[in-house]
Amino acid sequence: MTASLFDDPPQSVERIAIDDGAWLLRGWALAAQTQWLATVQQVLAAQPFRRSLTPGGRPMSVGMSNCGAWGWVTDRAGYRYSPTNPDTGLPWPAMPVFLRQQAVDAALAAGYPGYAPDVCLINQYQPGARMGLHRDADEMDWQAPIVSVSLGLPCTFLWGGLERSHPVRRLSLLHGDVLVWGGATRMAYHGVQPLKDGQHALLGAQRWNLTFRMARTALAGGLPRCKSAQ
Ligand code: SIN
Ligand code: FE2
């Protein structure tokens with residue numbers, strides 16, 4: 001493991017098993033919250049939140065930014081990873097070393113070594129914004145976990161099963177929580193209920209979610225289980 005260049009991850013954080021392969025690292029990002037917020041602000045200065053359309057042409061209620069070699073985008077052409085912002089044709093801002101290392105450390109804390117995220121999607125939820133039940137399925141290597149960081153207002157996260165029809169559980173995700181899922185539940189359905197109004201001491205009336213993914217990078221040492229190979 002590479003030592004973090006910045007704050008060390010807290011050792012005493014509660015690690016809650018949510019499901020097979022899915023862990024909630026409660027308050028994991030709190031120890032370095034100032035750096036988290038400042039670093040995300042830097043990314044947002046270079047790439048402000050964009051309001052995208054679903055492939056069906058409906059506006060997303062969530063604002064989106066990206067950093068890293070790839071970014072997740074949606075418009076009438078579909079859901080996909082793009083190396084550039086479709087509005088400007090410019091590459092996304094580089095993923096700050098701090099964010100990348102934190103994601104690598106969180107994945108390791110959840111039992112996933114060798115994490116190499118090439119995307120950090122940043123979602124902005126304002127009161128009422130929601131994310132429908134979906135699976136993260138546009139990535140090349142489905143063996144690589146998802147690392148999802150919550151900042152700002154709390155939300156009710158929906159955790160389902162491998163089929164859309166499976167029962168859904170409700171989890172509270174709080175400022176500083178990190179959810180990591182991979183292995184047997186990598187393809188679990190998940191979503192976010194409409195954000196309740198409120199004021200967070202640091203972020204005001206919003207929630208940020210950072211989702212780290214390996215979109216076009218495969219985990220070392222294993223054959224990628226590609227979507228196209230299924
Ligand atoms: C997502 O699944 O893309 C977002 C999840 C979240 O906001 O917690
Ligand atoms: Fe997702």
Side-chain angles (χ1 to χ4, degrees), residues 16 18-19 21-29 36 40 44 49-55 59-68 70-74 78-82 92 99 102-103 106-107 110 117-142 144-164 166 168-183 185-196 198 200 203 205-215 227:
I16 304 163
I18 296 300
D19 211 334
W23 294 91
L24 172 56
L25 310 176
R26 186 65 96 189
W28 196 88
W36 273 100
V40 177
L44 294 175
F49 290 119
R50 305 164 58 243
R51 238 353 116 74
S52 305
L53 293 180
T54 65
M60 302 272 296
S61 61
V62 169
M64 293 182 173
S65 176
N66 286 285
C67 62
W70 295 87
W72 189 85
V73 299
T74 168
Y79 300 129
R80 64 194 180 280
Y81 284 103
S82 168
W92 305 105
L99 294 186
Q102 291 279 307
D118 53 10
V119 177
C120 173
L121 167 66
I122 308 170
N123 290 324
Q124 180 198 41
Y125 296 76
Q126 289 171 318
R130 60 186 286 276
M131 176 89 55
L133 216 54
H134 67 280
R135 308 184 304 165
D136 292 0
D138 300 325
E139 299 73 32
M140 187 182 87
D141 184 358
W142 290 354
I146 303 290
V147 173
S148 170
V149 181
S150 291
L151 296 169
L153 285 179
C155 80
T156 303
F157 188 80
L158 303 171
W159 180 255
L162 296 179
E163 303 288 340
R164 188 178 282 281
H166 286 178
V168 170
R169 285 153 55 198
R170 285 168 175 71
L171 310 174
S172 274
L173 292 185
L174 312 175
H175 175 71
D177 285 353
V178 179
L179 193 61
V180 182
W181 68 94
T185 54
R186 167 63 179 77
M187 300 312 290
Y189 279 87
H190 59 278
V192 176
Q193 282 198 334
L195 194 77
K196 289 204 181 107
H200 184 266
L203 278 187
Q206 56 179 340
R207 168 178 184 259
W208 291 347
N209 171 253
L210 281 73
T211 307
F212 295 88
R213 295 150 179 192
M214 288 174 61
K227 187 163 70 156

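Below, each value reflects all heavy atoms present in this structure, side chains not excepted, and no hydrogens, waters or symmetry copies. One-based numbering, in listed order, for ligands and for the atoms of each.
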So which atom in Leu174 and which in Pro154 form the shortest heavy-atom distance, rounded to 0.1 Å? CD2-CB, 3.8 Å

Heavy-atom distance under 4.5 Å between the side chains of Arg213 and Ile146, does that happen here? yes

Which class fits the ring pair Trp181 and Trp159: parallel under 30°, tilted 30 to 60°, perpendicular over 60°? perpendicular

Asp136: its N/O/S atom lying closest to the Fe ion (ligand 2) (atom name): OD1

Starting from atom 5 (C) of ligand 1, locate the nearest protein heavy atom and write down its residue, its atom name and how far away it is, to 0.1 Å. Asn209 OD1, 3.6 Å

Should you measure from each heavy atom of His134, which atoms of ligand 1 turn up under 4.0 Å away? 1 (C), 2 (O), 3 (O)

If you round to 10 degrees, what value do you get for the angle at the Fe ion (ligand 2) between His134 atom NE2 and His190 atom NE2? 90°

Quick note on ligand 1: atoms under 4.0 Å from a heavy atom of His190 include exactly 2 (O)

Donor on one side chain, acceptor on other, Asp136 and His134, under 3.5 Å: yes

Under a 4.5 Å cut-off applied to non-hydrogen side-chain atoms, are Pro55 and Thr74 in contact? yes

Within a strict 4.5 Å, meaning less than it, do heavy atoms of the Leu210 and Trp36 side chains meet? yes

Minimal non-hydrogen separation, Pro194 against Gly128, with atom names: CB-O, 3.8 Å

Just which atoms of ligand 1 are under 4.0 Å from any heavy atom in Phe157? 5 (C), 8 (O)

So the atoms of ligand 1 within less than 4.0 Å of a heavy atom of Arg207 turn out to be 6 (C), 7 (O), 8 (O)

Numbered atoms and elements of ligand 1 in range of Tyr125, under 4.0 angstrom, heavy atoms: 4 (C), 5 (C), 6 (C), 7 (O)

Residue pair Gln102 / Val149, side-chain heavy-atom distance below 4.5 Å: no

Side chain, backbone, both or neither: Arg213 near ligand 1, heavy atoms under 4.0 Å: side chain

Looking only at heavy atoms, is any part of Asn123 under 4.0 Å from ligand 1, and if so is it the side chain, the backbone, or both, or is it neither? side chain

Short N/O distance, under 3.5 Å, between Asp136 and ligand 1? no

